[in-house]
A.B. asks: 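Below are the structure tokens for one structure; questions will follow.
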Amino acid sequence: MTGFQTPSEVSEYTIPEGCPGCGADLPVRVSVKGAMSVCTHCHWMGRPLLTVTHRGLRVGVKASQA
């Protein structure tokens, strides 16, 4: 077997006042497939963009078109 295998670990975080819909605390689950979040207050669902910077972790959300 050759190649690099990534672990199948899942990390969960809560971003204070991170929901783009209502401003409530936003739980985020991060796995090898990416980040996924669902607001428990307003039920906003999305895939936040996580970027590691020299200041820490930056969380963003892509704008969507209706």
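Values below: every heavy atom of this structure, side chains too, minus hydrogens, waters and symmetry copies. Along the sequence shown, residues are numbered consecutively beginning with 1.
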A.B. asks: Around Arg58, counting heavy atoms of other residues, nucleotides and ligands shown, do more than 12 lie under 6.0 Å from its CZ?
C.D. replies: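 No, CZ of Arg58 has 12 or fewer neighbouring heavy atoms, counting only those of other groups under 6.0 Å.
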
A.B. asks: What are the two closest heavy atoms between Pro27 and Ser37, and how far apart are they?
C.D. replies: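 Residues Pro27 and Ser37, closest heavy atoms: O-CB, 3.1 Å.
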
A.B. asks: Check for me, please, whether Val10 and Met36 land in the same ILVMFWY cluster - side-chain distances under 4.5 Å, paths through other members count.
C.D. replies: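 The answer is no; the residues belong to distinct hydrophobic clusters.
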
A.B. asks: Is Leu49 reachable from Tyr13 through a run of hydrophobic residues whose side-chain heavy atoms are each under 4.5 Å from the next?
C.D. replies: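 Different hydrophobic clusters.
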
A.B. asks: Hey, are the side chains of Val59 and Val28 touching, using non-hydrogen atoms and a 4.5 Å cut-off?
C.D. replies: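 No, side chains not in contact.
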
A.B. asks: Are any non-hydrogen side-chain atoms of Pro20 and Trp44 less than 4.5 angstrom apart?
C.D. replies: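 In short, these two side chains touch, coming nearer than 4.5 Å.
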
A.B. asks: Do you reckon Ile15 sits in the same ILVMFWY cluster as Val52, going by side-chain contacts under 4.5 Å, direct or chained?
C.D. replies: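 The answer is yes; both residues are in one hydrophobic cluster.
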
A.B. asks: Between Glu17 and Asp25, what is the shortest heavy-atom contact and its length?
C.D. replies: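 Shortest heavy-atom contact: N-OD1, 3.0 Å.
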
A.B. asks: Search all heavy atoms of His41 against all heavy atoms of Cys22 and return the closest pair with its distance.
C.D. replies: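 Heavy atoms of His41 and Cys22 come nearest at ND1-SG, 3.5 Å.
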
